[in-house]
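Input: a single structure, listed below in structure tokens.
Remember, predicted model here, so these are calculated numbers, not experimental data. So you know, we letter chains A, B, ... as the sequences are listed, proteins then strands, and number each from 1.
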There are 2 protein chains.
Amino acid sequence: MRHTVLRSATREVAIGRDRPFCVIGERINPTGRRVFQEQLRAGDLSAIERDVRAQVEGGADVLDCNMGVPLTDEADLLARAITMIQGLTDLPICIDSSVVEALEAGLAVYQGRALVNSITAEDERMEQILPLVKRYDAAVIALPNDVDEIPMEPEKRLQLVRKIVDVAHGEYGIAMEDIVIDPLAMPIGADTQTALATMETMRRIRDEFDLNMTCGASNVSFGMPNRHGLNATFLPMAMTAGLTSAIMDARTPAIVEAVRAADLLLGNDEWGMAWIASHRAKQTT
Amino acid sequence: MRHTVLRSATREVAIGRDRPFCVIGERINPTGRRVFQEQLRAGDLSAIERDVRAQVEGGADVLDCNMGVPLTDEADLLARAITMIQGLTDLPICIDSSVVEALEAGLAVYQGRALVNSITAEDERMEQILPLVKRYDAAVIALPNDVDEIPMEPEKRLQLVRKIVDVAHGEYGIAMEDIVIDPLAMPIGADTQTALATMETMRRIRDEFDLNMTCGASNVSFGMPNRHGLNATFLPMAMTAGLTSAIMDARTPAIVEAVRAADLLLGNDEWGMAWIASHRAKQTT
């Protein structure tokens, strides 16, 4: 059973099929948050404090941090944000950027063992980012799409996973347990067969490569009503297909609770201690 | 794709892997309901009216009806209850009893095509009940346990499913699509590996026999806190393993909603119409 080990300065989290699901809080991300974008443009990172607190209280195991705001020095913002978050919590961080320089700046200041978000199967992206992952002894999220397309067929996604493994593991020497595949969860509203394809892709990645997986889980419900209800149902289903972590809403109790219930049902909550303790905690607050 | 077709006098419901999940309301059952038991002992069936209404409003597709109260004429009670329910709703009925005479009395008064609950792999039970299923052209729920044990190992349950199919289909001529297997969902609180064994059993029944399945879903959370949360998570997970119906809580919105979300994610809610319509209905009430 492969374990992707992430660390802050003082805390370790292992992602794996025999471990409780790894909840990666998605909130520290300016996408779709206009006020937060304005604040970041003005160099004001104070909103992060609230986002950290809400996600820690909600039960996140890792925090994603993305500072992708156009017309800013993203590398500087990301490095400052990471330093700030590490002063607020001991949860490990998933360093999230499409800008190579920003990933490097984030890795340079990060205390611990980070998860880099992300590479794709595109040669250029792998060439730029994998040496950083190796140098900073990080783990990396890899998406099975290339410059041409996001393939819908599980078989094509598997081919791209094979390519990623060949390059990341074969050429750059990244350990298999440090490659975390994001099998690409697409909006169900655009195509009601897409979750089936995603879950089939997950099962095959589990069975053929035994790699850990994550996905942007909230994407599934994009454009549909009652998004929380869909998200809370998708995650346990995907967990039966081998999903071991997700970049997700860690602030909505019903969604985190569904993941913890699935932990118990999958045999990853011994004696149901975590489930029972969480119930007790709710009763005393 | 096999369809188990159930009917009332005026309504048809088909259970199948390409259909929305079949929600069989569990409520009309005196087990654990002391007041209802007393009423039934006194011949008072009036509480059924409220149970029917709540489950129809909650989104049940079929209603289970069990009148198992010690020291009563269960056959008479069950026949009266079924007649009463058929006057209140056009949902098909799952006729539920451990008493052969009660099943026969229920089948005799039932208008339509019923689901009989249940046989096991025990010879005597099959000999007594399968001729009734055949004579009344019903479908039947079959549990893979025998007189010796409820086996925990998927392989042993599969052996008993094989025996049930050999006898019910091979000897009594019950169509494969009218045999609905209950793979036995046990309480997770007693053994945290049990849901894994149940889902493995489901996957194998689906892959090896392609039979429809149901289970007493609320049993999974027995003895644990936050039962609704566990039940709402278990069902979508089991649906990924081939479960096509459940005898379940149809009165708790979060549980029925989880099933309808899973319908959408499994491609059984075309264009998401049912999901969207249910959201609109909630907004206008």
Side-chain angles (χ1 to χ4, degrees), chain A residues 185 187-200 202-203 220-221 223-242 253-283, chain B residues 185 187-200 202-203 220-221 223-242 253-283:
Chain A
I188 192 78
D191 172 2
T192 53
Q193 300 300 308
T194 191
L196 280 173
T198 299
M199 288 191 279
E200 173 64 17
M202 289 176 183
R203 275 187 286 268
V220 169
S221 60
M224 294 296 280
N226 189 1
R227 294 191 64 177
H228 291 169
L230 274 174
N231 294 345
T233 299
F234 171 72
L235 283 162
M237 295 172 82
M239 288 167 73
T240 71
I255 297 175
V256 177
E257 179 183 291
V259 164
R260 296 312 172 205
D263 281 338
L264 173 56
L265 294 164
L266 291 172
N268 291 333
D269 177 5
E270 207 172 1
W271 305 106
M273 291 299 283
W275 181 259
I276 294 166
S278 122
H279 177 71
R280 285 198 184 135
K282 263 188 290 185
Q283 285 191 317
Chain B
I188 191 79
D191 172 2
T192 53
Q193 300 300 308
T194 192
L196 281 172
T198 299
M199 288 191 279
E200 173 64 18
M202 288 176 183
R203 276 187 286 268
V220 170
S221 60
M224 294 296 280
N226 190 1
R227 294 191 63 176
H228 291 169
L230 274 174
N231 294 345
T233 298
F234 171 71
L235 283 161
M237 294 172 83
M239 288 166 72
T240 71
I255 297 175
V256 177
E257 179 184 289
V259 164
R260 295 313 171 204
D263 281 340
L264 173 56
L265 293 164
L266 291 172
N268 290 333
D269 176 5
E270 208 172 0
W271 307 105
M273 292 299 282
W275 182 259
I276 294 165
S278 121
H279 177 73
R280 286 198 184 136
K282 263 188 289 185
Q283 286 191 316

message = Please rank A:Ala238, A:Gly272, A:Pro236 by heavy-atom pairs under 4.5 Å with chain B and give me the top one.
response = A:Pro236
key: Student check: side-chain heavy atoms of B:Leu265 and A:Leu230 closer than 4.5 Å   = yes
message = Looking at every heavy atom in both B:Ala262 and A:Thr233, which two are closest together, and how far apart are they?
response = N-CG2, 3.7 Å
note = In terms of heavy-atom pairs under 4.5 Å with chain A, the winner among B:Ala241, B:Pro225, B:Gly267, B:Ala195 is B:Pro225
query = Checking B:Ile188 against chain A: side chain, backbone, both or neither under 4.5 Å from a heavy atom?
reply = side chain
inquiry  = So if I apply the side chain to side chain donor-acceptor pair (under 3.5 Å) rule between B:Asn226 and each of A:Arg260, A:His279, A:Glu257, which one comes out positive?
reply    = A:Glu257
Spacing of CG belonging to B:Leu196 relative to CG belonging to A:Asn268, to within rounding of 0.5 Å = 8.0 Å
query = For A:Asp191, is it the side chain, the backbone, both, or neither that has a heavy atom closer than 4.5 Å to a heavy atom of chain B?
reply = neither
note = Closest non-hydrogen atoms of B:Gly229 and A:Ala261, given as atom of the first, atom of the second and distance, are O-CB, 4.2 Å
task = Please name the pair of heavy atoms, one in A:Met199 and one in B:Thr240, separated by the smallest distance, quoted to 0.1 Å.
result = SD-CG2, 4.4 Å
request  = Examine whether an atom of B:Val220 lies under 4.5 Å from a heavy atom of chain A, and if so say whether it belongs to the side chain, the backbone or both; otherwise answer neither.
outcome  = side chain
Nearest non-hydrogen partners of B:Leu264 and A:Met224, listed with the distance = CD2-CE, 3.7 Å
